[in-house]
A.B. asks: 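One structure follows; several queries about it will come next.
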Amino acid sequence: MDLLEGLNPQQRQAVTCAEGPVLVLAGPGSGKTRVLTHRVAYLVREVGVRAGNILAVTFTNKAAREMKARLSHLLGAECEALTIGTFHATCARILRREGTLLGFAPSYTIYDDDDQQAVIKRILKEMNLDDKAYRPGAVLSVISKAKNDLIGPDEFVPKSYREGVIARIYLRYQQALKESNAMDFDDLLTNTVALWQQFPDVLERYRSRYRYVLVDEFQDTNAAQYVLLKQLAAQHRNLFVVADEDQSIYSWRGADFRNIQRFREDFPEAPTILLEQNYRSTQTILDAANAVISRNTRRTPKRLVTERDRGTPLVVHEAYDEQEEGQYVVREIQRLVGEEGFRPGDCAVMYRTNAQSRAVEEAFVRAGMRYKLVGATRFYQRREIKDALAYLRIVYNPADSASLSRVINVPPRGLGPQTAEALFAWAGEQGISVWEALHRLRQAEQGDEPMAHPLSARAVKPLLAFLALWESLVEESKSLDVASILQLVLERTDYQAYLNDGTEEGRDRWDNVMELLNVASQYANMENSLGVFLQEVSLVADVDELGDQPDTPVLLTLHMAKGLEFPVVFIIGLEEGILPHSRSSGSPEELEEERRLFYVGMTRAKDHLYLVHAFRRASYGRSAPSQKSRFLRDIPHHLTGGERRTWPTRPSAALRVEPVAAPKPREDARPAPPSAPTFAPGDRVVHPKFGVGTVVESRIVSDDEQVTVAFPSNGTKKLLARLAKLEKVR
DNA sequence: GACATCTGAATTTTT
DNA sequence: TTCAGATGTC
């Protein structure tokens with residue numbers, strides 16, 4: 001296959017200039033993924049670079065996966081040796097190997113937002129600070145900002161009394177993470193930078209390994225990431241970055257598109273290649289997007305052109321309120337599918353804030369139409385999933401105190417907040433982990449010489465019972481894979497009984513846990529499956545889940561839409577206060593970022609673009625009139641079919657989506673359950689522990705059969721056929 | 001210590 | 001509207 005076939009001259013240039021730094025400024029839809037993959041393939045096939053010497057960094061795991069998939073087509077087996085991943089995943093892997101140099105065991109835990117909050121809350125308590133005055137979220141955002149700028153707790157210079165306090169929290173927070181053998185997201189980057197700074201020989205190793213570095217979405221890198229790249233590429237200078245400043249939408253997370261300027265200064269020999277040819281959208285959509293983005297002052301003017309025809313005008317639509325907005329969208333999708341030959345999966349609905357999805361979802365449900373909601377469902381954020389993962393984490397990394405405090409009393413075992421706090425404080429005083437503290441407690445209680453400890457007599461027994469449970473899990477986990485460990489955890493903690501409170505919610509939660517077990521079982525035949533599983537699970541993002549989904553419309557935020565494309569795009573909530581968001585209209589910089597966000601959304605569309613706003617909108621309970629977004633005024637009239645509205649004919653029969661007996665929409669695709677239950681009510685069964693019993697009910701849950709059995713001597717139990725060794729008896 | 005009920009407070013985007 | 005935290009009861 002000719003790697004250059006079908007590429008335009010600019011793309012070709014980007015693919016083939018082999019040595020030295022390169023800056024590619026790529027507009028939306030200009031085929032930059034193609035350029036990146038073909039360049040990697042070109043380096044390997046034509047230049048003779050060894051695949052093992054190439055590092056490609058992407059923004060999401062999904063992008064990494066896609067790139068790998070494409071490269072396996074282009075390169076075959078050779079692509080296995082490539083390193084392709086997000087900054088975070090790549091750093092996490094490096095730190096697994098080298099983290100001991102910084103004092104982190106390879107089993108370190110990656111803390112997510114909730115874990116971070118938990119740590120901060122504990123510190124606030126410890127320092128006797130009011131969590132109203134120092135809201136954990138606010139404190140964390142200051143800390144995160146500092147980390148993104150590579151400012152450690154020691155270098156943090158407070159500019160106010162408040163910041164002085166935060167500086168002390170920051171210091172304590174880093175200590176706490178270290179004690180827990182844990183890192184937060186930002187630490188993955190900063191610790192890698194620190195590692196390379198402090199150990200030049202290690203840096204040297206990675207420099208000679210990653211001789212060619214390619215970076216996607218470079219405009220969304222932060223200072224730490226930029227330093228990382230500079231460290232790596234300082235000598236060989238083979239740094240290839242692809243950027244679009246107009247699509248920089250993560251400045252609130254520390255991203256700084258001025259890195260593009262820095263790159264130009266630090267690598268002055270780099271040629272700049274412009275990709276302005278758009279292969280995605282109609283000229284009308286591009287013209288509208290150009291009109292919007294050209295209002296931004298801080299940018300290099302670009303002209304996006306396409307060879308496609310003008311296409312249809314944009315549709316600007318005013319709905320009465322958010323309900324009708326949703327109904328309008330659904331009805332329009334139905335029309336496009338019914339009359340214009342689009343598939344449901346061709347359509348995407350985009351919005352500024354997750355809360356906006358609700359009304360749209362309701363409209364889909366009312367219409368009996370399936371849809372896929374990206375994010376918000378947040379599988380890995382669910383309580384039961386986090387509990388299960390926390391168990392796995394303390395098994396893998398017994399120092400992990402945030403996970404421990406999460407599950408120490410889940411299910412309830414008599415270890416309430418008082419006891420937990422006393423235990424943690426006692427461990428803290430002695431400078432040891434809770435794991436060790438519990439061992440000391442056992443010695444004190446069972447050893448010959450009694451030792452003083454602050455734990456109440458009543459708490460000792462459940463504490464020691466918990467330690468025994470924990471120890472047995474740690475011990476047995478050594479010879480088991482993740483899925484088996486998880487099963488063991490579920491059995492030993494009787495977690496199912498805890499979740500199954502008879503409500504539908506309880507059943508759903510258990511289903512989720514089974515789904516997690518399902519995911520875990522995919523890691524079965526792997527070296528260190530527990531560690532691999534935990535790491536990958538810590539780094540998944542919502543967009544990553546947007547895989548081979550059923551053919552349904554997709555609902556997602558504008559942020560998550562970056563990098564995607566759809567034949568039909570609806571952007572809803574085009575109102576002042578929402579887009580631009582009220583929290584981001586303070587400074588011109590923020591306003592420009594809001595505009596970029598809108599631009600990103602518009603340029604996702606291939607054929608049809610709908611811009612929808614509502615006359616009034618309810619925000620938490622109260623409904624109020626709204627004003628249409630200033631961004632709409634930037635679009636020339638001749639590009640839209642004029643503005644349409646469907647009210648005040650409300651309530652109009654034409655608009656109402658008729659409720660249909662709706663199949664319950666599933667937000668997450670599940671594998672098809674096994675066919676029929678093997679057990680039926682009335683069956684007599686025998687269980688190794690509970691003895692003989694009678695089946696009350698049996699149903700398929702996820703991919704296992706859940707059997708409810710009444711045991712005369714042990715009461716009624718819900719059992720999983722896969723776990724419990726149930727046998728039918730005559 | 002566990003659970004139910006009440007209150008009031010806060011709402012952006014997420015690797 | 002939703003949710004976390006506080007309060008009250010057993």
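Heavy atoms only: backbone and side chains are in, while hydrogens, waters and symmetry mates are out. Within every chain, numbering begins at 1; the chains are lettered A, B, ... in the order of the sequence lines, protein sequences first and strands thereafter.
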A.B. asks: Nearest-nucleotide wise, let me know which of A:R135 and A:Q225 is further upstream toward the 5' end of DNA chain B.
C.D. replies: A:R135
A.B. asks: Relative to A:Y599, does A:R596 satisfy both conditions: NZ or CZ under 6.0 angstrom from the six-membered ring centre, and within 45 degrees of the ring's axis?
C.D. replies: no
A.B. asks: State which of B:dT15, B:dT13, B:dG1 makes the closest approach to the side chain of A:R458.
C.D. replies: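 Nearest nucleotide to the side chain: B:dG1.
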A.B. asks: Output yes if the stacking criterion (under 5.5 Å between centres, under 30° between planes) is met for A:W252 over the base of B:dT13, else no.
C.D. replies: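 Stacked: centres under 5.5 Å apart, planes under 30°.
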A.B. asks: Taking NZ, NE, NH1 and NH2 as the nitrogens, is one of them in A:E589 or A:R298 under 4.0 Å from a carboxylate oxygen of the other?
C.D. replies: yes
A.B. asks: Taking atom C1' of B:dG1 as reference, at what distance in whole Å does atom CG of A:L455 sit?
C.D. replies: 15 Å
A.B. asks: Is there a side-chain contact between A:L555 and A:Y351 (heavy atoms, below 4.5 Å)?
C.D. replies: yes
A.B. asks: Quick one: A:Q418 CD to B:dA2 P, roughly how many Å, whole number?
C.D. replies: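 To the nearest whole Å, that distance equals 11 Å.
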A.B. asks: A:D114 has an atom CG; how far is it from atom C1' of C:dC3, in whole Å?
C.D. replies: 13 Å
A.B. asks: What's the closest nucleotide to the side chain of A:H581 if the choices are B:dT15, B:dT13, B:dT12?
C.D. replies: B:dT12
A.B. asks: Answer yes or no: does a side-chain N or O of A:K121 lie under 4.0 Å from OP1 or OP2 of C:dG5?
C.D. replies: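 For A:K121, the contact criterion (side-chain N or O under 4.0 Å from OP1 or OP2 of C:dG5) is met.
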A.B. asks: Looking only at side-chain N and O atoms, does A:S619 come under 4.0 Å of OP1 or OP2 in C:dT1?
C.D. replies: no
A.B. asks: Do A:D400 and A:Y111 touch side chain to side chain, with heavy atoms closer than 4.5 Å?
C.D. replies: yes
A.B. asks: Taking only the side-chain nitrogens and oxygens of A:N222, find out if one of them lies under 4.0 Å from OP1 or OP2 of B:dT15.
C.D. replies: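 No, no such contact exists.
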A.B. asks: Please pick, from B:dA2, B:dT13, B:dT15, the nucleotide with the shortest atom-to-atom distance to any side-chain atom of A:N409.
C.D. replies: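 So the nucleotide nearest the side chain must be B:dA2.
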A.B. asks: When all nucleic acid strands are considered with a 4.0 Å heavy-atom cut-off, which category describes A:F87: base, sugar-phosphate, or nothing?
C.D. replies: nothing
A.B. asks: Relative to A:F466, does A:R413 satisfy both conditions: NZ or CZ under 6.0 angstrom from the six-membered ring centre, and within 45 degrees of the ring's axis?
C.D. replies: no
A.B. asks: Taking only side-chain N and O atoms of A:N354, does any of them lie within less than 4.0 angstrom of OP1 or OP2 on B:dT13?
C.D. replies: yes
A.B. asks: Which residue lies toward the 5' end of DNA chain B, A:P412 or A:T58, if each is placed at its nearest nucleotide?
C.D. replies: A:P412
A.B. asks: Go through B:dT12, C:dT2, B:dA2 for me and flag the one nearest to the A:R358 side chain.
C.D. replies: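 Ranking B:dT12, C:dT2, B:dA2 by closest atom to the A:R358 side chain puts C:dT2 first.
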A.B. asks: Mind calculating the distance between NZ (A:K147) and C1' (B:dT15) to the nearest angstrom?
C.D. replies: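 Rounded to the whole Å, the gap is 14 Å.
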A.B. asks: Which is true for A:S582 with a 4.0 Å heavy-atom rule: it touches a base, it touches only sugar-phosphate, or it touches nothing?
C.D. replies: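 The answer is nothing, as A:S582 stays clear of every strand by at least 4.0 Å.
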A.B. asks: Taking CG from A:D187 and P from B:dT15, how many angstroms apart are they, rounded to a whole number?
C.D. replies: 17 Å
A.B. asks: Taking atom P of C:dT1 as reference, at what distance in whole Å does atom CD of A:E362 sit?
C.D. replies: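 Atom-to-atom, A:E362 to C:dT1, this comes out as 11 Å.
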A.B. asks: Taking only the side-chain heavy atoms of A:T419 (C-beta and beyond), determine which of B:dT12, B:dT15, B:dG1 contains the nearest atom.
C.D. replies: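 Nearest to the side chain of A:T419 among the choices is B:dG1.
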A.B. asks: Sticking with atom C1', work out how far B:dT13 lies from C:dA4, rounded to a whole angstrom.
C.D. replies: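 Per the computed distance, 22 Å lies between those C1' atoms.
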A.B. asks: In whole angstrom, give the distance that lies between atom CD of A:E589 and atom P of B:dT13.
C.D. replies: 22 Å
A.B. asks: Atom CD of A:E322 and atom P of C:dT1: how far apart are they, to the nearest Å?
C.D. replies: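 To the nearest whole Å, that distance equals 11 Å.
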A.B. asks: Would you say that A:Y250 contacts A:K562 through its side chain, given a criterion of any heavy-atom pair below 4.5 Å between the two side chains?
C.D. replies: yes
